[in-house]
Amino acid sequence: MRSFTEIEQNRLAKLERLRERGEHPFPHRAERSHSISMATQYFSELSSDKDNNGENSIEMTLCGRLRSVRTMGKLAFAHIEDVSGRIQLLIRSDAIGKDRLKQFEADFDLGDFVQATGKLMETRTGEVTLDVSNFRMLAKSISPLPAAKEVDEEGDRKVYSAFDNVEARYRERYADLAVNPHVREIFRIRSGTISALRYFLDKRDFLEVETPVLQPIYGGAAARPFSTHHNQLHQDLFLRISFELYLKRLLVGGFERVYEIGRDFRNEGVSLTHNPEFTQLEFYWAYSDYEDVMMLTEQMVAFVAGEVCDDTLVSYQGHKLDFQPPWRRISLREALIEYSEIDYVNSSDDQLVSHCKSREIQIPSKATRGKLIEMLFSKCVEPHLIQPTFVYDYPRDISPLAKSKENDPNTVERFEVFVGGLELCNAFTELNDPIDQEQRFVDMGRDHNQESGEAHPLDLDYLKAMSYGMPPNGGFGMGIDRLVMLLTDQASIREVILFPHLRPKE
RNA sequence: GGGCCGCUAGCUCAAUUGGCAGAGCAGGGGCCUUUUAAGCCCUUGGUUACAGGUUCGAGUCCUGUGCGGCUCACCA
């Protein structure tokens, strides 16, 4: 049985009083003639019209949530807020009657959704205000919203007793959104980001597709999966860890440019930059290679930044990021030389191990040479890559789906993008030789075997698809959550995910 | 999973060497016709995350648990 606080019990009593007067506390329908921003815009246009002799207002009906109330005896001021903005109401007893004003004061609370009819006017202080002739309840709020007070001051919203407890905000994101406009703005930018990506790719003849989330064999990345079960088919299934292997099957099928935006699931640790489910963009582009993909990547991200931030210059955690192409390009080998003075081409495996140890990097029991290089890179280079940077040409043994360089079989045509110290993108010239691919899977399975005692799944159907012939292509993956972090200046991935994963509260 | 830090009223936060658990806002009762954190008077509200322990006495010290934050590991 739910228990109600004293405040909630008070509000339930008000709700009953509304009912007793015949006012429905939750009517089925609202009437609204204007959004709040439309109303204020209309008012300012009529006010600036010199031929219009003071006839600058019409009756209108606005809807929104009560965010402040100030009662003054025979009148009351209040603000209501809708998705477009906020406006002040003036409720006068000589307009609506003394009893009606009393009812407003007694039975309407902050957080209630209300409907108010009246004409717009300006108060002495020049604030556009609805002079209310009629109002009614649209939805009674039983529980008080967490933020106590806030107010607009010359465009700047000042918040008092802000609701900023991180845990409480994530657990009750609805309340967080209701009282923190800057949080709503993050998710508007997130939505705009995805729209802009779709627009950019659609304009270039990429076809948006959907591939299975439930997969009998997981692949395309090196993460541990979530597993589940189909009861009727008696089939164990995995939630996908990437889209890659299915999207490339579509190139076999004759599509030349495909992309997917969707959710990946990785059963790994959570951190400021990792959530168990996250949103990924992947595209595959026939008859292109990783250099073409680099060009498209910098154009695409700059386009998105321009769309949602109105600029390719973006503030991030005290840095000024510049997404304007061309971005810096540096090979993995050069980057390590520059930031750590290690040239792995001229280093033995033992020397790489000692480099790791001197930098307090913990080495897994069975680390390949490529893994050592990658760990050195993460430790020594990654934190320094603030401006958008392509790091290209990676060790073959940590890139089983990428094609080797023509003159260097131990290096693959692969790049990653780093911005603000975050890994943002991963892309390569895709391996399309089924014999080579099978050998890579086998090699990878052997390493995996020794590490964990489990065989890495061998996707025979994927090899079969590739055996029919896959055009040469460049492939690309980008973490959308991290891109949104960059575009909204957020240090935590949880701030850009509406309902981030939390342990159950008890 | 390891380490560090945190958890006090609906919200934001105080509480001296261990000594009566407080404020602002929100809530309730009043006054008030141009306020906008409105103001003024009065007022309700607490299992100090939870369970133990030390002590005459614990929000404060100790142990454990839960949840969170940061961080390390893991995550090509």
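Below, chain A is the first sequence line, B the second, and so on; all start at residue 1. Source: prediction; values computed, not measured.
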Worksheet entry | Euclidean distance, atom CG of residue A:N275 to atom C1' of B:rC74 [Å, nearest integer] | 16 Å
Item to complete: Determine the Euclidean distance between corresponding P atoms of B:rC5 and B:rU63; express it in Å to zero decimal places.
Response: 11 Å
Discussion item. One thing to verify: whether A:D393 and A:K405 come together as a salt bridge, which I'm taking to mean a side-chain N less than 4.0 angstrom from a carboxylate O.
Written reply: yes
Response to the item:
By nearest-heavy-atom nucleotide on RNA chain B, the more 5' of A:L401 and A:A106 is A:A106
Worksheet item: A:E127 CD to B:rU34 P: how many Å, rounded?
Response: 15 Å
Worksheet, complete the sentence: Picking from B:rG69, B:rC74, B:rU34, the nucleotide nearest the side-chain atoms of A:T123 would be B:rU34
Fill in: Side chain of A:S93 (C-beta onward), nearest among B:rC74, B:rU33, B:rG68
B:rU33
Fill in: N-O pairing of A:E334 and A:R329 below 4.0 Å
no
Practice prompt. Using a 4.0 Å heavy-atom cut-off across all strands, classify A:G477 as base, sugar-phosphate, or nothing.
Written response: nothing
Worksheet entry | Under 3.5 Å donor-acceptor pair, A:Q88 side-chain atoms to B:rU35 base atoms | yes
Practice prompt. Mind running side chain to side chain contact (heavy atoms under 4.5 Å, CB included) on A:E260 and A:Y246 for me, showing each step along the way?
Written response: CA-CA 10 Å; A:E260 179 165 7; A:Y246 280 95; over 6 Å; no
Worksheet item: Is any side-chain heavy atom of A:Q88 less than 4.5 Å from a side-chain heavy atom of A:L130?
Response: no
Worksheet item: So which nucleotide from B:rC75, B:rG28, B:rU34 ends up closest to the side chain of A:L90?
Response: B:rU34
Worksheet item: Looking only at atom P, what distance separates B:rA23 and B:rG68, rounded to whole Å?
Response: 32 Å
Worksheet item: Using atom P of each nucleotide, how far apart are B:rA14 and B:rC56 to the nearest Å?
Response: 32 Å
Worksheet item: With sugar-phosphate meaning primed atoms plus P, OP1 and OP2, does A:R494 contact a base, only sugar-phosphate, or nothing at under 4.0 Å between heavy atoms?
Response: sugar-phosphate
Worksheet item: Hey, does A:N267 reach any base, or is it just sugar-phosphate, or nothing, if we go heavy atoms under 4.0 Å?
Response: nothing
Item to complete: Give the nucleotide from the list B:rU35, B:rG27, B:rC75 with an atom nearest to the side chain of A:E268.
Response: B:rC75
Discussion item. Counting the atoms with a prime plus P, OP1 and OP2 as sugar-phosphate, which does A:R92 contact under 4.0 Å by heavy atoms, base, sugar-phosphate, or nothing?
Written reply: nothing
Worksheet item: Whole-Å distance between B:rG27 C1' and A:D107 CG?
Response: 14 Å
Worksheet item: Can you list the residues that meet the salt bridge (charged side-chain N to carboxylate O under 4.0 Å, His left out) rule with A:E185, with sequence neighbours excluded?
Response: A:R188
Response to the item:
Of A:E105 and A:G269, the one whose closest nucleotide on RNA chain B sits nearer the 5' end is A:E105
Fill in: Any-strand Watson-Crick or G-U partner of B:rA37, both distances under 3.5 Å
none
Worksheet item: Among the nucleotides B:rU33, B:rC75, B:rC74, which one has an atom lying closest to any side-chain atom of A:K74?
Response: B:rU33
Discussion item. Just the rounded figure in Å: distance from P of B:rG45 to CD of A:E8.
Written reply: 17 Å
Worksheet item: To the nearest angstrom, how far is A:E6 atom CD from B:rA9 atom C1'?
Response: 11 Å
Worksheet item: When rounded to the nearest Å, what value does the distance between P atoms of B:rC13 and B:rC74 take?
Response: 35 Å
Discussion item. Given the ring of A:F135, does A:R100 sit roughly above its face, with NZ or CZ under 6.0 Å from the centre of the six-membered ring and within 45° of the axis?
Written reply: yes
Item to complete: Could you please name the partner base of B:rU48, counting Watson-Crick and G-U wobble pairs only when both distances are under 3.5 Å?
Response: none
Worksheet item: For atom P, what is the distance between B:rG18 and B:rC62, given to the nearest Å?
Response: 11 Å
Practice prompt. Under a 3.5 Å limit for both distances, which nucleotide forms a Watson-Crick or G-U wobble pair with B:rU8, could you say?
Written response: none
Practice prompt. Could you tell me the separation between the CZ atom of A:R67 and the P atom of B:rA37, rounded to a whole number of Å?
Written response: 15 Å
Worksheet item: How far apart are the closest heavy atoms of A:G73 and A:L101, and which atoms are they?
Response: O-CD2, 3.5 Å
Please tabulate, one pair per line, each protein N/O and nucleotide N/O from nucleotides 70-72 of chain B that are separated by under 3.5 Å, including the distance.
none

Practice prompt. Return the nucleotide paired to B:rG27: Watson-Crick means purine N1 to pyrimidine N3 with N6-O4 or O6-N4, wobble means G-U with N1-O2 and O6-N3, both under 3.5 Å.
Written response: B:rU43
Worksheet entry | Under 3.5 Å donor-acceptor pair, A:R70 side-chain atoms to B:rU35 base atoms | yes
Worksheet item: A:A222 side chain: which of B:rU34, B:rG69, B:rC75 is closest?
Response: B:rC75
Practice prompt. Sort out the partner of B:rG1 for me: Watson-Crick or G-U wobble, both distances under 3.5 Å, none otherwise.
Written response: B:rC72
Discussion item. Could you tell me the Watson-Crick or G-U partner of B:rU17, where both distances fall under 3.5 Å? Say none if there is no partner.
Written reply: none
Item to complete: Find the distance A:F77:CZ to B:rG39:P and express it as a whole number of Å.
Response: 15 Å
Discussion item. Taking any heavy-atom pair under 4.0 Å as a contact, classify A:T71: base, sugar-phosphate, or nothing.
Written reply: base
Worksheet item: Considering only B:rG27, B:rU34, B:rC75, which nucleotide approaches the side chain of A:L75 most closely?
Response: B:rU34
Worksheet entry | With sequence neighbours excluded, residues passing ring pair (Phe, Tyr, Trp, His ring centres under 6.0 Å) with A:Y462 | none
Worksheet item: In terms of side-chain geometry, is the basic nitrogen of A:D176 or A:R173 positioned less than 4.0 Å from the acidic oxygen of its partner?
Response: yes
Worksheet item: Taking the C1' atom of each, how far is B:rA58 from B:rG19, in whole Å?
Response: 10 Å
Practice prompt. Using the P atoms only, state how far B:rG22 lies from B:rU54, rounded to an integer number of Å.
Written response: 28 Å
Worksheet item: What integer number of Å spans the P atoms of B:rG29 and B:rU34?
Response: 23 Å
Worksheet item: For B:rG30, does OP1 or OP2 lie under 4.0 Å from any side-chain N or O of A:K102?
Response: no
Worksheet item: When we call it a touch if two heavy atoms are under 4.0 Å apart, what does A:P400 touch: a base, just sugar-phosphate, or nothing?
Response: base
Discussion item. Side chain to side chain contact (heavy atoms under 4.5 Å, CB included), that's the test. Do A:R482 and A:E423 meet it? Break it down for me.
Written reply: CA-CA 8 Å; A:R482 290 185 183 172; A:E423 179 189 334; 3.7 Å; yes
Fill in: Short side-chain N/O contact to B:rC75 OP1/OP2 from A:K371, under 4.0 Å
yes
Worksheet, complete the sentence: The reported gap from CZ in A:F476 to CZ in A:F415 (rounded to nearest 0.5 angstrom) is 6.0 Å
Response to the item:
Any strand, both distances under 3.5 Å, Watson-Crick or G-U wobble: B:rU55 pairs with none
Discussion item. Nearest whole Å is fine: how far is B:rG10 P from A:R169 CZ?
Written reply: 20 Å
Discussion item. Measuring from the side chain of A:M72 (C-beta onward, heavy atoms only), which nucleotide among B:rG28, B:rC67, B:rU35 has the closest atom?
Written reply: B:rU35
